[in-house]
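Quick notes on the structure that follows.
Sequence lines set the chain letters: A, B, ... in the order given, protein chains first and strands last, and positions in each chain run from 1. Treat the numbers as computed from the prediction; the structure is a model and nothing was measured.
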There are 2 protein chains.
Amino acid sequence: MASDDLYEKKKQFVEEISLLMEESGKPRIAGQIMGWLMICDPPQQSFSDLVEHLDVSKASISNMTRMLLQSGLIEKVRIPGERQIHFQIQEEAWVNVLENQLENINALRKISATGLDLLEEDPDTDKTRLRKMNKFYQFAEKNLPKLIHQYKKEHFD
Amino acid sequence: MASDDLYEKKKQFVEEISLLMEESGKPRIAGQIMGWLMICDPPQQSFSDLVEHLDVSKASISNMTRMLLQSGLIEKVRIPGERQIHFQIQEEAWVNVLENQLENINALRKISATGLDLLEEDPDTDKTRLRKMNKFYQFAEKNLPKLIHQYKKEHFD
DNA sequence: TATCTTGTTCAATATGTACTGAATATTTTG
DNA sequence: CAAAATATTCAGTACATATTGAACAAGATA
């Protein structure tokens, strides 16, 4: 019947989001949680909702929700009257995904500077590779936050 | 002695780059190759240079160089007189790292649109999560390429 | 063609980590 | 406080994939 079809499509949606997040290094189940929390009704789901719906262990939900909380992709919500913890997508979840990468970018700028320092000691070795790397990550470190800021400004609510 | 010290620091440089690349999902050895190719002298290294210097198997070098070639981080170089293949960092390597992520961003914009389509079928379910996601990735898809383009323009050579 | 060098592919192992069930801790209810 | 419900931690398993040695292929040399 039609609703089964829709259900299948939702499952598939969850699976695809999960796959995409796996590509950037997140565990499968973290991606499934994100996927489900994007389309579930209501938007906030209890611990056991997640266990049952995704059909995974409590341990996984416990660990993966912690990870997602930590990286700012979901948030805890207390629902009046309910006693279970509930989770929902953080308002700025997907912005935060990008924002989180800034740390990596910062680290890469730093290491490129370190590399340049290192090569001071042997002057004959080509340094253009490192200079380019350093230039690029300086640029990124300066402009990506600007871009994010711009987005937030345009879409404040 | 002092040169041993420098050598140690170079090793450490390679290791750190490798670690940072691992965080974005690349295999350890791919990161090591990148690290070494950033500071080696000369900038182009033969297949067996890599095998010996990084002390890993031929198979690994073969597979990982293929991967790095594919993602545009290194390039093959023929050196006159030499018969081994040589590799060096691609000019725009680190720009390409970012550029490669655009595919993922594109996929995430698409899946958010798919999600919105899905939820057409049950009107009571909250759609703001998906709308926000979609908005953000539209923004990213529009502005990140611009940013990259701007960088390239400012640093043409 | 025979031989040596260079690089790829294949099958098997090693390694890391995602995931789980069970035990434990924590919180809520009566 | 006892009992029930909920969540975390722990120790072990399962699983994926990175890595390897050895066999194989391809190319150069002579």
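- Direction of the helix axis in the helix from C:dT1-D:dA30 to C:dG30-D:dC1 shifts by 20° between the two five-pair termini, rounded to 10°.
- Evaluation of the salt bridge (Lys or Arg N to Asp or Glu O under 4.0 Å) test over residues 34-48 of chain B, restricted to residues two or more places apart or in two chains, returns none.
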Taking distance alone, no hydrogens or angles, what donor-acceptor pairs closer than 3.5 Å link side-chain atoms of residues 9-17 of chain B to residues at least two apart or in another chain?
unit_1: B:K10; atom_1: NZ; unit_2: A:D122; atom_2: OD2; d: 3.0
unit_1: B:K11; atom_1: NZ; unit_2: B:Y7; atom_2: OH; d: 3.4
unit_1: B:Q12; atom_1: NE2; unit_2: B:E16; atom_2: OE2; d: 3.1
unit_1: B:E15; atom_1: OE2; unit_2: B:R28; atom_2: NH2; d: 3.3

Which pairs of donor and acceptor atoms, one on a side chain in residues 73-83 of chain A, lie under 3.5 Å apart (sequence neighbours left out)?
unit_1: A:E75; atom_1: OE2; unit_2: A:Q88; atom_2: NE2; d: 2.9
unit_1: A:R78; atom_1: NH1; unit_2: A:R83; atom_2: O; d: 3.0

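- Atom OG1 in A:T125 sits 11.0 Å away from atom CD in A:E121 (nearest 0.5 Å).
- Residues of residues 50-85 of chain B that place a heavy atom closer than 4.0 Å to DNA chain D, in numerical order, are B:V56, B:S57, B:A59, B:S60, B:R83.
- Residues that satisfy the salt bridge (Lys or Arg N to Asp or Glu O under 4.0 Å) test with B:D126, not counting sequence neighbours, are B:R129.
- Checked by atom type and distance alone, the side chain of A:S62 never pairs as donor or acceptor with a backbone atom of A:K58 at under 3.5 Å.
- A donor and an acceptor atom, one from each side chain of B:R66 and B:N63, are located under 3.5 Å apart.
- The ring pair (Phe, Tyr, Trp, His ring centres under 6.0 Å) analysis of residues 105-134 of chain B, with sequence neighbours excluded, yields no pairs.
- Put simply, the residue from B:Q32, B:K26, B:M34 that forms a side chain to side chain contact (heavy atoms under 4.5 Å, CB included) with B:S18 is B:Q32.
- Where DNA chain C meets chain B (any atom under 4.0 Å from a heavy atom), the bounding nucleotides read 5' to 3' are C:dT5 to C:dT9.
- For B:D49, the side chain to side chain contact (heavy atoms under 4.5 Å, CB included) test picks out B:Q45, B:S46, with sequence neighbours left out.
- Evaluation of the ring pair (Phe, Tyr, Trp, His ring centres under 6.0 Å) test over residues 42-74 of chain A, restricted to residues two or more places apart or in two chains, returns A:W36-A:H53.
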List the atom pairs, donor and acceptor, that lie under 3.5 Å between side-chain atoms in residues 96-106 of chain A and the rest of the protein, sequence neighbours left out.
unit_1: A:N96; atom_1: ND2; unit_2: A:G72; atom_2: O; d: 2.9
unit_1: A:E99; atom_1: OE2; unit_2: A:K152; atom_2: NZ; d: 3.3
unit_1: A:N100; atom_1: ND2; unit_2: A:N96; atom_2: O; d: 3.3
unit_1: A:N106; atom_1: ND2; unit_2: A:E141; atom_2: OE2; d: 2.4

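- Near DNA chain D, defined here as any heavy-atom distance below 4.0 Å, the residues from residues 10-47 of chain A are A:F47, listed numerically.
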